[in-house]
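Quick note on labels: first sequence line is chain A, next is B, and so on, each numbered from 1. Worth saying up front: this structure is predicted, and the values here are computed from it rather than measured.
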Protein chains: 2
Amino acid sequence: MTRPTRPTRPIRPEPAADRAYAATKELVLSGDLPGGHLLSEGDIAERLGMSRTPVREAFLRLQAEELLQLIPKRGAVVVPVPAGEADDVLDAREAVETAAVRRLLRRGGDVPATVDRLRAAIERQREQAEAGDLAGVADADEAFHRTIVDAGGNRLTARFYAGLADRQRRMSMHALAPRPQQVAVVLAEHAELVDAIEARDADRFAVLLPAHLDGTHRPGR
Amino acid sequence: MTRPTRPTRPIRPEPAADRAYAATKELVLSGDLPGGHLLSEGDIAERLGMSRTPVREAFLRLQAEELLQLIPKRGAVVVPVPAGEADDVLDAREAVETAAVRRLLRRGGDVPATVDRLRAAIERQREQAEAGDLAGVADADEAFHRTIVDAGGNRLTARFYAGLADRQRRMSMHALAPRPQQVAVVLAEHAELVDAIEARDADRFAVLLPAHLDGTHRPGR
DNA sequence: TGTCATAGATACAAGCTTGCATCTATGTGT
DNA sequence: ACACATAGATGCAAGCTTGTATCTATGACA
């Protein structure tokens, strides 16, 4: 099996439908399209240089994620962030992450490996913060929490959590950027959460997490 | 606001895509199509007397629910129930229901109304059991648990839970039908769950629920 | 001569384009 | 204020193109 270099790379062009999906989703999640905005298949199709069909496919997928709402014979409206969505997201995240930790401990998963991964994620976040990369900080934060969820080993909740992260990202676009000292608090709280996991203390984790999420993501407090 | 009867009922024919979605989903959830089965757009389209386009839309929606997997140029395979899916579903249900109760109590929701609805659901389930309607028993059981989730007031988790119920239904098709005395146990445990809610004791609920779900849905025990 | 590997042909299925019918909302004229 | 014409957008259908698997026939080798 000598294959020194990739032989003439059989690149397959990304399907048009996937491009349309990614582009449109980015428009919605980035907040570039405000809630309530009405968009049409033809518009996007023209902008992306493709026909309406792949765009329609993209719209259907986004409707399944409740980011778009297709209105018969009218178009697709960007679903506005419902009132109370922030609460719902945080509540759901808390439930999923807590359940993941309980399951990890209950089923005797590899706690040390998880702890290592989490501490590495904290370190990455610290580096991003020192580099002043705000988007990088947010990414690392998401990676930290996703690592917790993945450790639980429940594919269904992990998938659900990915959708929650999307929605949170969409809301964060309208929120204030975290200030440096807030990042320090986040890092410290993350460390505490990891300590609780390392101590195999799910109850302590369950107490720490809501405070962490509320404190981080609720501007009013 | 006098609208005595519906005036000339403006019935709109159900869109072809919705019919295709419902029909195909039923095929999968009922277990009529085994996991791994390969089906094609053309087949379904012909059977339902429509073109491939709405069928394709249905397939896309089902792929978003991870019930179908579209394989380029090949067809759509019915995603087999993954190993460990039963565990994942029960784990996720436990997390969602427990979180719903905690939230209901934390936010001072209308506990008496919820309790009333739950006791009514138990009563319906008892009636279905006495009538010997096994499907009715299963429906009432789902309604009971869904009532708990809805009481939490989190739209995101409620939606997630609906998908869990679908997957559970699909798995139940291959499971044994419950025996009458098992139904009695279920009813008694439901009553205990409601009592915990009425007593506003989320911790007791969190202890009772896993035992209930495990005992009911894990044949091996 | 029999068996196996292989290359070519064929059938099938999706990805996408295009076109048409239908429905909704809007604006105009009386 | 109301009816009607019109523009715009989707819902659906049919056809074309492309990619994949399967079948078959041919040739090499034992």
Side-chain angles (χ1 to χ4, degrees), chain A residues 1 6-25 27-28 33-79, chain B residues 6-25 27-28 33-80:
Chain A
M1 277 274 285
R6 239 172 298 180
T8 70
R9 192 154 59 126
I11 80 162
R12 253 195 300 180
E14 193 182 14
D18 290 345
R19 280 193 297 131
Y21 171 76
T24 310
K25 183 167 183 174
L27 284 178
V28 174
L33 294 182
H37 184 93
L38 183 71
L39 38 76
S40 73
E41 296 172 359
D43 265 7
I44 305 289
E46 197 173 9
R47 249 194 273 182
L48 299 181
M50 60 183 71
S51 92
R52 280 174 39 218
T53 302
V55 175
R56 173 154 189 82
E57 171 173 334
F59 280 18
L60 288 167
R61 287 163 71 178
L62 292 169
Q63 177 171 247
E65 299 179 35
E66 287 195 342
L67 293 175
L68 289 186
Q69 162 88 4
L70 300 189
I71 300 180
K73 309 294 184 185
R74 286 296 314 282
V77 301
V78 179
V79 174
Chain B
R6 241 171 297 181
T8 70
R9 193 155 58 128
I11 78 163
R12 255 195 299 182
E14 194 183 14
D18 291 345
R19 280 192 297 131
Y21 172 76
T24 310
K25 183 167 183 173
L27 284 178
V28 174
L33 294 181
H37 184 92
L38 183 71
L39 39 76
S40 75
E41 295 174 1
D43 265 6
I44 304 289
E46 198 172 9
R47 250 194 272 182
L48 298 181
M50 60 183 70
S51 94
R52 279 172 41 216
T53 304
V55 175
R56 173 154 190 82
E57 172 173 334
F59 280 18
L60 288 167
R61 287 164 72 180
L62 291 169
Q63 177 171 247
E65 299 180 34
E66 287 195 340
L67 293 175
L68 289 186
Q69 162 88 3
L70 302 189
I71 299 180
K73 310 295 183 185
R74 289 296 314 281
V77 301
V78 179
V79 174

For DNA chain D, what residues of residues 40-71 of chain B have any heavy atom nearer than 4.0 Å? B:Met50, B:Ser51, B:Arg52, B:Thr53, B:Pro54
pair B:Val79-B:Leu67: side-chain heavy atoms closer than 4.5 Å: no
Figure out the CZ/P separation between B:Arg74 and C:dA14, and round it to whole Å. 10 Å
Choosing from D:dC12, D:dT10, D:dT20, which nucleotide comes nearest the side chain of A:Lys73? D:dT10
Should B:Lys25 and B:Asp18 be marked as a salt bridge (charged side-chain N to carboxylate O under 4.0 Å, His left out) after you check the CA-CA gap, both sets of side-chain angles, and the distance that decides it? CA-CA 10 Å; B:Lys25 183 167 183 173; B:Asp18 291 345; over 6 Å; no
Does a side-chain heavy-atom distance below 4.5 Å link A:Thr53 with A:Glu57? no
For A:Leu70, does its backbone N or O pair with a side-chain atom of A:Gln63 as donor and acceptor, under 3.5 Å? yes
Just wondering, do B:Val77 and B:Leu68 contact through their side chains at under 4.5 Å, heavy atoms? no
